[in-house]
Visitor: 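Before anything else, here's the structure in question.
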Amino acid sequence: LLESLEQAARDRIPGIRTIFLLTTRTMDWFTERGYNAVGIAHTSGRLPIDRKIDPSRNSKMYIKELEDVKPLSTDLSIFGSISS
């Protein structure tokens, strides 16, 4: 499923370079798939200003640099978290 989402991002946004995601669990799973932790989501400074994040969830932000892209500077944010 994750690979499909990454490919959909490439297909939909030519030149996409980076995918962002938020999670409150499964950090190791994303790390094993090439995502790098960049800190707590609501303090990262990398989210759009109008994106509301609940600080009490303590969501972690992960980023993956995509390969085989055209030289455009475009980012896609995929927001989600797994709740119990």
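Only this structure's heavy atoms are used, side chains among them; waters, hydrogens and symmetry mates stay out.
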Visitor: To the nearest 0.5 angstrom, please state how far the OG atom of Ser59 sits from the CD1 atom of Ile53.
Guide: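 CD1 of Ile53 is found 6.5 Å from OG of Ser59.
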Visitor: Quick one: CD on Glu3 to CZ on Arg33, what's the gap to the nearest 0.5 Å?
Guide: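 Separation between the atoms: 8.5 Å.
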Visitor: Would you compute the distance between atom OG1 of Thr26 and atom CD of Glu32 and round it to the nearest 0.5 angstrom?
Guide: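 Output value for this atom pair is 10.0 Å.
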Visitor: Could you tell me whether the side chain of Ile19 reaches within less than 4.5 Å of the side chain of Tyr62, counting heavy atoms only?
Guide: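 A side-chain contact under 4.5 Å is absent here.
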Visitor: Holding to side-chain contact (heavy atoms from CB on, under 4.5 Å), I want the full list of residues that pass it with Asp50, two or more places apart in sequence or in another chain.
Guide: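 Asp50 satisfies side-chain contact (heavy atoms from CB on, under 4.5 Å) with Pro48 once adjacent residues are dropped.
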Visitor: Calculate, to the nearest 0.5 Å, the distance between atoms NE2 and NZ belonging to His42 and Lys60 respectively.
Guide: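 The distance works out to 9.5 Å.
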Visitor: I'd like to check Asn36 versus Thr31 (side-chain heavy atoms, cut-off strictly below 4.5 Å). Are they in contact?
Guide: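 They are not in side-chain contact.
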Visitor: Hey, does Ile63 have a side-chain heavy atom less than 4.5 Å from the side chain of Tyr35?
Guide: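 Contact flag for Tyr35/Ile63 side chains = no.
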Visitor: How many angstroms lie between atom CD of Glu65 and atom CD1 of Ile16, to the nearest 0.5 angstrom?
Guide: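 These two atoms lie 10.5 Å from each other.
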Visitor: Sequence neighbours left out, what passes side-chain hydrogen bond (donor to acceptor under 3.5 Å, both in side chains) with Ser56? Give chain and number order.
Guide: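 side-chain hydrogen bond (donor to acceptor under 3.5 Å, both in side chains) check on Ser56 returns Asp54.
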Visitor: Side chains of Ile40 and Asn58: does their closest heavy-atom pair fall under 4.5 Å?
Guide: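 SC-SC contact between Ile40 and Asn58 confirmed.
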Visitor: Sequence neighbours excluded, which residues qualify as side-chain hydrogen bond (donor to acceptor under 3.5 Å, both in side chains) partners of Asp28?
Guide: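 Per chain and number, Asp28 pairs via side-chain hydrogen bond (donor to acceptor under 3.5 Å, both in side chains) with no residue.
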Visitor: How long is the span from the CZ atom in Arg25 to the OG1 atom in Thr23, to the nearest 0.5 Å?
Guide: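 These two atoms lie 9.0 Å from each other.
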Visitor: Which residues pass the side-chain contact (heavy atoms from CB on, under 4.5 Å) test with Ser44, not counting sequence neighbours?
Guide: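 Listed in chain order: Arg46, Leu47, Met61.
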Visitor: Would you please name every residue forming a salt bridge (Lys or Arg N to Asp or Glu O under 4.0 Å) with Lys64, sequence neighbours left out?
Guide: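 By the salt bridge (Lys or Arg N to Asp or Glu O under 4.0 Å) rule, Lys64 matches Glu6.
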